[in-house]
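First the structure, in the form of structure tokens, and then the observations on it.
Read the numbers this way: they start at 1 and go in the same order the structure lists the ligands and their atoms.
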Amino acid sequence: MFLAMNRFQIAKGFESGFEAVWRQRESYLSEVPGFVSFALLKGPERDDHVLYASHTQWQSRQAFDAWVDSDHFRKAHAQASTPKGTYLGHPELETFEAVLQE
Ligand code: HEM
């Protein structure tokens with residue numbers, strides 16, 4: 001099992017616009033070999049931003065790497081962009097390999 005989380009710091013007041021981009025997106029994940037699940041997570045609220053994470057679960061790192069190199073990934077990221085001022089800083093990608101799974 002392999003997890004990829006991309007964390008976004010979203011400026012206060014831009015949360016609903018950011019969520020709308022995700023809700024309205026054309027998703028290709030269900031067609032991708034090795035894809036297991038997706039969630040957009042809303043996390044802690046800080047002084048100037050709210051933390052969100054896109055969370056995906058994969059059967060293996062190979063399946064995730066192949067998706068990142070694929071047309072599905074490119075098409076998903078070539079859609080309507082978020083309003084200017086949405087992001088504070090760059091998205092931070094973190095990946096995890098399951099050590100224990102129950
Ligand atoms: C390797 C790094 C990245 C991963 C693992 C990742 C993960 C994902 C996933 C799983 C989706 C949904 C795709 C679908 O449903 O078919 C997605 C869409 C999206 N990603 Fe990424 N992403 C990455 C890079 C980025 C970057 C650099 C940004 C820049 C802000 C970004 C912003 C978005 C947004 C706003 C969407 C939803 C709307 C759309 O598809 O345009 N992602 N991403």
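Here the closest non-hydrogen pair linking Pro33 and Ala63 is O-CB, 3.8 Å. Across Phe2 and Ser60, no two heavy atoms sit closer than the pair CB-C, 3.7 Å.
If you check the side chains of Tyr52 and Glu15, you find no donor sitting under 3.5 Å from an acceptor.
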For each nitrogen or oxygen atom of ligand 1, which protein N/O atoms lie closer than 3.5 Å, and how far apart are they, rounded to 0.1 Å?
| unit_1 | atom_1 | unit_2 | atom_2 | d |
| --- | --- | --- | --- | --- |
| ligand 1 | 15 (O) | Arg25 | NE | 2.8 |
| ligand 1 | 15 (O) | Arg25 | NH2 | 2.8 |
| ligand 1 | 15 (O) | Ser27 | OG | 2.5 |
| ligand 1 | 16 (O) | Ser27 | OG | 3.4 |
| ligand 1 | 16 (O) | Tyr28 | N | 2.9 |
| ligand 1 | 20 (N) | His77 | NE2 | 2.9 |
| ligand 1 | 22 (N) | His77 | NE2 | 2.9 |
| ligand 1 | 40 (O) | Ala76 | O | 2.3 |
| ligand 1 | 40 (O) | Gln79 | NE2 | 3.4 |
| ligand 1 | 41 (O) | Ala76 | O | 3.0 |
| ligand 1 | 42 (N) | His77 | NE2 | 3.0 |
| ligand 1 | 43 (N) | His77 | NE2 | 2.8 |

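Here the CD atom belonging to Glu26 is positioned 11.0 Å from the NE2 atom belonging to His72, to the nearest 0.5 angstrom.
Between Trp67 and Tyr28, the distance separating the two ring centers is not shorter than 6.0 angstrom.
Counting heavy atoms from C-beta on, the side chains of Trp22 and Ser54 come closer than 4.5 Å.
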